[in-house]
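Working notes, beginning with the structure itself.
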Amino acid sequence: GADGSTLMSYFSKNQIQALKPKITFSTLRDLQCPVLQSNDLQGKPEESCSTEELFEWLGAVLNQVSLDNKSSSFLSTYCCPEPNTVVEKAFLCTITGFIIPEKIIQLLEQLCCYFGEPKLAYWLTLTVHGFADSPVSWRESEHGFHKGGENLYNFVIFRNLDYWLQMAVGAHDDCPP
């Protein structure tokens with residue numbers, strides 16, 4: 001078999017550079033956010049939103065879909081679920097690349113530091129997407145690409161360090177363990 005030095009000479013430095021994760025930051029101003037209660041997954045009218053409503057809202061935010069339900073919009077008439085609150089500033093960080101599980105745990109730990117003083121955030125999320133055309137998702141089964149290649153999970157972490165874990169896979173894939 002090839003040893004490490006042979007492999008290193010095979011991949012030029014430029015190719016290795018290309019594998020480094022790409023990081024982008026953006027600030028979302030006056031963002032309508034669902035009101036969430038960590039102990040209420042189903043939500044309650046006029047009190048909190050459900051996990052499904054949050055997941056749909058998050059998809060709209062990550063894809064930069066407008067939340068104002070304008071009838072003139074050809075893209076979307078989606079609006080933020082009720083009850084909601086307007087957050088003056090929300091930070092969105094996107095990391096694209098091949099990221100090992102240990103780094104994801106490290107990211108989660110760093111995100112939880114936002115709950116320290118001053119206590120600005122009530123909750124935060126970390127979404128991890130597998131590539132849509134990845135050969136595997138969870139367990140040992142092949143990943144079926146039939147429609148959208150869904151292959152992701154999302155942590156919602158609350159100030160009291162309770163958390164929700166949401167998972168999405170395609171209809172032909174094994175459910176995660």
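All values derive from a computational prediction rather than experimental measurement.
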Min side-chain heavy-atom separation [X]-[Y] under 4.5 Å:
X	Y	result
Asp40	Gln42	yes
Arg29	Leu31	no
Ile104	Tyr153	yes
Cys33	Trp57	yes
Leu36	Thr51	no

Q | Those residues that, when tested against Tyr163, pass ring-ring contact (aromatic ring centres under 6.0 Å, His included) (two or more places apart) | A | Phe155

Q. In Å and rounded to the nearest 0.5 Å, what is the CG to SG distance from Leu41 to Cys49?
A. 13.0 Å

Q: Starting at CG of Leu124, measure out to CG of Leu111 and round the result to the nearest 0.5 Å.
A: 5.5 Å

Might you point out which heavy atoms bring [X] and [Y] nearest each other, and give the distance in Å?
X	Y	result
Val156	Gln166	CG2-OE1, 3.9 Å
Asn160	Ser38	ND2-OG, 3.6 Å
Pro34	Cys80	N-SG, 3.9 Å
Gln37	Ser48	CG-CB, 3.5 Å

Q) Do any N or O atoms from the side chain of Glu53 and from the backbone of Ser50 form a donor-acceptor pair under 3.5 angstrom? A) yes

Q) Can you check side chain to side chain contact (heavy atoms under 4.5 Å, CB included) on Thr94 and Thr96, steps first, answer last? A) CA-CA 6 Å; Thr94 305; Thr96 308; 4.0 Å; yes

Distance-only donor-acceptor pairs under 3.5 Å for side chains of residues 84-91, two or more places apart:
residue: Asn84; atom: ND2; partner: Pro81; partner atom: O; Å: 3.1

Q. With Thr127, which residues qualify under side-chain contact (heavy atoms from CB on, under 4.5 Å), at least two apart?
A. Leu58, Leu62, His129, Leu152, Asn154

Q.
Under the criterion side chain to side chain contact (heavy atoms under 4.5 Å, CB included), I'd like the reasoning laid out for Phe25 against Leu92: C-alpha separation, chi angles, the key distance, then a yes or no.
A. CA-CA 6 Å; Phe25 292 96; Leu92 179 60; over 6 Å; no

Q. Quick check: are there more than 12 heavy atoms from other residues, nucleotides or ligands sitting under 6.0 Å from OH of Tyr122?
A. no

Q. Taking a hydrophobic cluster as the set of Ile, Leu, Val, Met, Phe, Trp and Tyr residues connected by side-chain heavy atoms closer than 4.5 Å, whether directly or through intermediates, do Ile105 and Val128 fall within one such cluster?
A. no

Q | side chain to side chain contact (heavy atoms under 4.5 Å, CB included) evaluation trace for Phe158 with Phe115 | A | CA-CA 8 Å; Phe158 294 88; Phe115 295 128; 5.7 Å; no

Q) Which is it for Val35 and Trp123 under the side chain to side chain contact (heavy atoms under 4.5 Å, CB included) test, yes or no, and what are the steps along the way? A) CA-CA 10 Å; Val35 172; Trp123 51 268; over 6 Å; no

